[in-house]
Amino acid sequence: MKVIVYDTKPYDRLYLDAENEKHGFDIKYMESKLTPDTAKLASGYDVVCAFVNDDIGAAAIDALSSAGVKAVAMRCAGYNNVDMRYAYDKLRIVRVPKYSPYAVAEHAMALLLTLNRRTHRAAFRTREANFSLNGLLGFDLYGKTVGIIGTGLIGRVFADICRGFGMRLLAYDLYPAVDAGLEYVTLDALLQASDVISLHCPLTPDTRHMINAGSIEKMKHGVILINTSRGALVDTPALVQGLKTGQIGGAGLDVYEEEAEFFFEDLSDQVIQDDQLMRLLSFNNVIVTSHQAFFTHEALKKIAEVTFDNICQIRDDAFLSNEICYRCDKNPETCPKAKGKNCF
Ligand code: NAD
């Protein structure tokens with residue numbers, strides 16, 4: 001099996017190499033992202049391993065299929081960057097559905113605590129011997145209402161963390177979890193009643209820009225918004241407007257709609273051309289992290305393990321337990337996976 005891994009950094013290689021010692025696959029690491037152009041470099045490889053900001057649209061899928069690639073092993077949970085419908089019957093798509101929901105949920109709480117208690121600002125001040133507290137006033141999380149949108153693996157761990165802080169929990173999900181012990185309400189009710197809103201649903205055509213001018217208007221004045229899910233859940237100009245009026249009291253963003261061009265790279269010696277991103281960075285009540293919520297030792301280890309398990313299943317022409325296709329979740333009656341068969 002020959003595997004080409006796109007969009008890698010030294011830390012990715014460390015964990016993938018350690019795991020590959022068990023398997024001995026022939027691996028080529030690429031620094032560049034997967035695009036229709038770089039897809040041609042996959043010629044001669046059986047499996048492509050891709051990440052969150054790779055472009056696996058129709059053109060790249062065509063290029064990969066013509067290059068003889070059999071499967072794309074996503075080393076992440078989300079797959080909004082794959083044209084699933086176009087990939088059907090051309091490329092198998094496998095992913096790592098869960099690795100550490102704790103990593104992402106804990107990062108969401110880190111963003112919330114930092115924003116609320118202004119520790120990012122305090123740390124800079126004290127380094128310069130500025131010991132003033134002006135502008136650093138926060139509020140008790142205890143007794144406040146947190147609205148959790150999407151109560152899958154990560155949303156539920158985040159709910160548990162918030163419970164530990166003594167917060168009141170409200171939840172919204174298309175498919176409420178009966179065993180989660182959560183109070184499910186309509187999206188509007190959640191928006192209206194929450195002091196903190198945290199997004200944990202996937203990016204789909206339905207959820208794109210679910211946080212927009214209309215939904216922001218319904219929120220409590222001064223609400224804190226946390227997004228560790230996908231950037232395009234939020235309409236950025238509407239968020240900027242909400243921050244300017246104070247309707248949004250703080251935003252913790254681990255993801256950004258146009259992040260692919262910037263995140264994971266050191267661009268500190270360049271002039272950033274994205275005015276929306278620069279406007280967000282100019283607010284003292286906004287924290288942007290560079291899609292790092294997943295970035296813990298435990299998560300990287302698990303991602304490497306499951307990615308290689310997935311690749312072994314592809315090599316063995318076995319049942320691909322982590323395969324996904326555009327039909328998944330549509331109809332369990334006709335879904336081949338529900339009967340222990342591959343998607344096609
Ligand atoms: P999950 O599949 O376990 O849970 C997602 C939940 O969202 C499900 O309960 C689902 O029913 C719900 N949902 C789907 N459509 C919805 C809609 N229209 N409205 C409300 N709820 C809806 O996924 P997860 O593992 O909890 O991950 C959640 C998201 O977190 C992923 O889709 C991914 O985008 C993001 N993520 C980010 C990072 C990071 O490093 N920042 C890492 C991993 C995952």
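Start at 1 with the first residue, then count along the sequence. These values consider heavy atoms only, across backbone and side chains, with no hydrogens, waters or symmetry-generated copies. Counting starts at 1 for both ligands and their atoms, following the listed order.
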Considering heavy atoms of the protein only, find what lies nearest to [atom] and give residue, atom and distance to 0.1 Å.
atom                    : result
atom 23 (O) of ligand 1 : L153 N, 4.6 Å
atom 37 (C) of ligand 1 : T228 O, 3.1 Å
atom 9 (O) of ligand 1  : D173 OD2, 2.6 Å
atom 33 (C) of ligand 1 : R230 NH1, 3.7 Å
atom 14 (C) of ligand 1 : P202 CD, 3.5 Å
atom 40 (O) of ligand 1 : F294 N, 3.1 Å
atom 4 (O) of ligand 1  : G152 CA, 3.1 Å
atom 28 (C) of ligand 1 : H200 O, 3.3 Å

Does any N or O in the side chain of [X] come within less than 3.5 Å of the main-chain N or O of [Y], such that one atom is a donor and the other an acceptor?
X    : Y    : value
D62  : A59  : no
T126 : A123 : yes
Y88  : C343 : yes
K302 : S100 : no
R118 : N116 : yes
D235 : H209 : no
N81  : V52  : yes
D195 : T145 : yes

Cation over ring, R92 on F344, under 6.0 Å and within 45°?
yes
Find out whether the Lys NZ or Arg CZ of K33 is both under 6.0 angstrom from the six-membered ring centre of Y6 and within 45° of the ring's axis.
no
I'd like to check atom 18 (N) of ligand 1 in this structure: does the protein have a heavy atom lying under 4.0 Å from it?
yes
Would a search of protein heavy atoms around atom 25 (O) of ligand 1 find one under 4.0 Å away?
yes
Please verify whether a non-hydrogen atom of [X] lies at under 4.0 Å from ligand 1.
X    : value
F295 : no
L203 : no
K98  : no
S229 : yes

If the plane angle is over 60° it's perpendicular, under 30° parallel, otherwise tilted; pick one for F294 and F51.
perpendicular
What part of [X], side chain, backbone, both or neither, has a heavy atom within less than 4.0 angstrom of ligand 1?
X    : result
N80  : neither
L174 : both
Y99  : side chain

Do D12 and Y29 meet the criterion of a side-chain donor-acceptor pair at a distance under 3.5 Å?
no
For T207, is at least one N or O under 3.5 Å away from an N or O on ligand 1?
no
Would you check whether I154 has a nitrogen or oxygen atom less than 3.5 angstrom from a nitrogen or oxygen atom of ligand 1?
yes
So does D89 have more than 12 non-hydrogen atoms from other groups sitting under 6.0 Å from CG?
yes
Counting from 1, what ligand 1 atoms have a heavy atom of [X] closer than 4.0 Å?
X    : value
V104 : 38 (C), 42 (C), 43 (C)
A293 : 39 (C), 40 (O), 41 (N)
C201 : 7 (O), 13 (N), 21 (N), 22 (C)
D254 : 39 (C), 40 (O), 41 (N)
Y172 : 19 (N), 20 (C)

Evaluation steps, side-chain contact (heavy atoms from CB on, under 4.5 Å), between V146 and F158:
CA-CA 10 Å; V146 56; F158 185 69; 3.9 Å; yes
